[in-house]
Amino acid sequence: SDVVVKTQAVGVNYADCAVRWGVYESAKKYVGWPITPGFEFAGVVTAAGPGAKHAVGDRVFGISFFGAYATHVCVPSHQVYPLPTGLTMPQAAGFPAVHMTAYHALFQLVRIRAGGKVLIHSAAGGVGSALLQLSRISGFETVGVVGSPQKIAFAHDFGAQVVIDKSHEDLWARARHFAPGGYDAIFDANGYSTFQKSYDHLAPTGKLIVYGSHSLLPKEGGRINYFKAAWGLIRTPRFNPLGMLTANKTVSGFNISFLFSRTDLLDAAMTELLLWLKEEKLRPPAVTEIPFAEVAEAHRLIESGKSVGKIVLVHS
């Protein structure tokens with residue numbers, strides 16, 4: 001059964017820009033164009049179908065299979081959750097996508113014992129900061145990578161024991177210093193610029209988790225340079241299964257939007273995430289609020305790579 005939610009806040013993700021550029025595969029496969037971006041929202045229920053878990057007037061947050069950049073969204077009731085105590089509407093709107101991505105990457109794809117070493121690229125971003133928190137909860141040793149000095153304190157605050165500022169340090173020399181034997185897992189959405197080196201710095205039985213390829217996409221201008229993207233694709237490493245067998249390493253990739261039909265995985269993730277929020281093991285996401293009418297500015301900011309945490313659109 002469906003519910004209609006009048007949105008008060010809508011989360012912004014880098015994937016929304018990819019949708020706008022026309023390069024997001026699940027958008028092509030399941031929706032097509034024209035399309036309204038947006039995977040997550042928070043607001044108030046204004047209508048509920050028979051058997052829905054929520055009633056009119058309930059304050060909720062949830063996920064949508066695109067379409068969240070709107071004043072109202074209509075989604076299946078099982079994709080909507082009560083607004084957690086202690087979270088504002090903007091914080092709740094910025095919670096689901098990055099935390100479920102991080103949860104799937106860390107717990108449903110990877111098995112690491114407490115004390116294992118993980119390296120997290122883009123550690124001050126939405127997914128990166130969620131990975132840092134979940135790694136801390138699990139007792140992993142965490143090394144976060146950021147792209148500017150201004151992001152160092154943020155990454156430390158969200159749980160990185162060590163932060164490497166790749167704009168001022170030799171990323172891989174520093175990474176090797178903190179894990180001479182290699183990492184149990186490396187989480188990388190950069191693309192060709194780091195995939196190979198990330199793989200090289202895994203320990204035996206280590207896993208490279210790929211959930212994006214941002215180096216193929218623009219950081220300014222708002223349009224794809226197809227020559228640059230093609231050159232990047234050529235430079236993207238290909239991992240030979242026989243070589244992986246010999247090295248005893250794994251490469252695993254995923255796109256969370258393709259998992260929206262797997263309610264079992266989504267429910268398992270959200271149940272545990274909400275419990276950790278309630279127990280205050282997870283802190284609310286750090287959000288930058290931007291008026292809904294200025295969505296273009298929100299996209300420019302997330303494309304630039306200069307933002308930290310989550311960007312959230314808010315209705316005035």
Side-chain angles (χ1 to χ4, degrees), residues 13-15 17-18 23-25 97-112 116-135 140-148 151 155 158-167 169-176 178-179 182-217 219 229 232-240 243-244 247-258 302-303 305 308:
N13 294 282
Y14 190 82
C17 301
V23 296
Y24 204 66
E25 285 302 319
V98 295
H99 284 84
M100 286 198 287
T101 298
Y103 186 98
H104 183 72
L106 199 56
F107 301 129
Q108 292 170 340
L109 291 182
V110 176
R111 291 290 183 268
I112 309 172
K117 294 185 177 181
V118 300
L119 185 141
I120 298 165
H121 290 279
S122 307
V127 176
S129 55
L131 282 166
L132 286 175
Q133 287 203 85
L134 297 182
S135 296
F140 304 147
E141 295 183 27
T142 56
V143 175
V145 181
V146 298
S148 66
K151 297 182 178 182
F158 272 78
Q161 292 160 293
V162 174
V163 179
I164 301 172
D165 173 13
K166 64 182 180 182
S167 70
E169 301 175 272
D170 184 322
L171 165 56
W172 298 112
R174 293 284 286 165
R176 196 176 303 111
F178 295 117
Y183 291 87
D184 296 290
I186 296 180
F187 301 89
D188 192 341
N190 291 331
Y192 70 86
S193 60
T194 54
F195 281 171
Q196 185 63 57
K197 288 287 189 180
S198 290
Y199 181 81
D200 294 342
H201 285 76
L202 291 174
T205 74
K207 295 184 179 181
L208 170 59
I209 306 299
V210 174
Y211 59 95
S213 190
H214 295 173
S215 53
L216 296 177
L217 302 171
K219 282 198 170 185
L233 281 173
I234 292 170
R235 296 170 63 193
T236 300
R238 273 64 174 168
F239 298 101
N240 187 310
M244 293 164 65
N248 200 14
K249 298 178 180 180
T250 299
V251 179
S252 184
F254 75 100
N255 179 325
I256 198 71
S257 66
F258 278 103
I302 201 167
E303 287 168 24
V308 296

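What you are looking at is a predicted structure, and each value in this text was computed from that prediction instead of being measured.
S252 pairs in a side-chain contact (heavy atoms from CB on, under 4.5 Å) with only one of the listed residues (L208, I209, V110), which is I209. Exactly one of Y183, F187, Y211, W172 qualifies for a ring pair (Phe, Tyr, Trp, His ring centres under 6.0 Å) with H121. That residue is W172.
Note: F195 CZ to R238 CZ = 11.0 Å, rounded to the nearest 0.5 Å. From L171, atom CG reaches atom CG of L119 across 7.0 Å, with rounding to the nearest 0.5 Å. For the atom pair NZ of K166 and CG of N190, the computed distance is 4.5 Å after rounding to the nearest 0.5 Å. One distance of note links OH of Y103 with CG of L131; it measures 13.0 Å at 0.5 Å rounding. Atoms CG and NZ, on D165 and K151 in that order, are 10.0 Å from each other to the nearest 0.5 Å.
In this structure the side chain of H201 reaches within 4.5 angstrom of the side chain of I186, judged on heavy atoms. Proximity of H104 to L109: side-chain heavy atoms (C-beta onward) are separated by under 4.5 Å at one or more points. Using a 4.5 Å heavy-atom cutoff, the side chains of L106 and S135 are in contact.
Here the side chain of K117 pairs a donor or acceptor atom with the backbone of F178 at under 3.5 angstrom. The closest donor-acceptor contact from the side chain of K249 to the backbone of Y199 lies under 3.5 Å. A donor-acceptor pair is defined here as one N or O able to donate and one able to accept, closer than 3.5 Å; such a pair exists between the side chain of T142 and the backbone of G159. The backbone N or O of G126 lies less than 3.5 Å from no partner atom in the side chain of Y14, so there is not a single donor-acceptor pair. Listed for the N13 side chain is no donor-acceptor partner under 3.5 Å among the backbone atoms of A15.
Among all heavy-atom pairs drawn from A185 and I112, the shortest one is CB-CD1, 3.6 Å. The minimum heavy-atom distance linking A173 with D170 is given by the pair N-OD1, 3.0 Å. The two residues A123 and L132 make their nearest non-hydrogen contact at O-CD1, 3.4 Å. Closest approach of I164 to A175, counting heavy atoms only: CD1-N, 3.7 Å. Between V163 and A155 the shortest heavy-atom distance is CG2-CB, 3.8 Å.
With sequence neighbours left out, the salt bridge (charged side-chain N to carboxylate O under 4.0 Å, His left out) criterion links R174 to E169.
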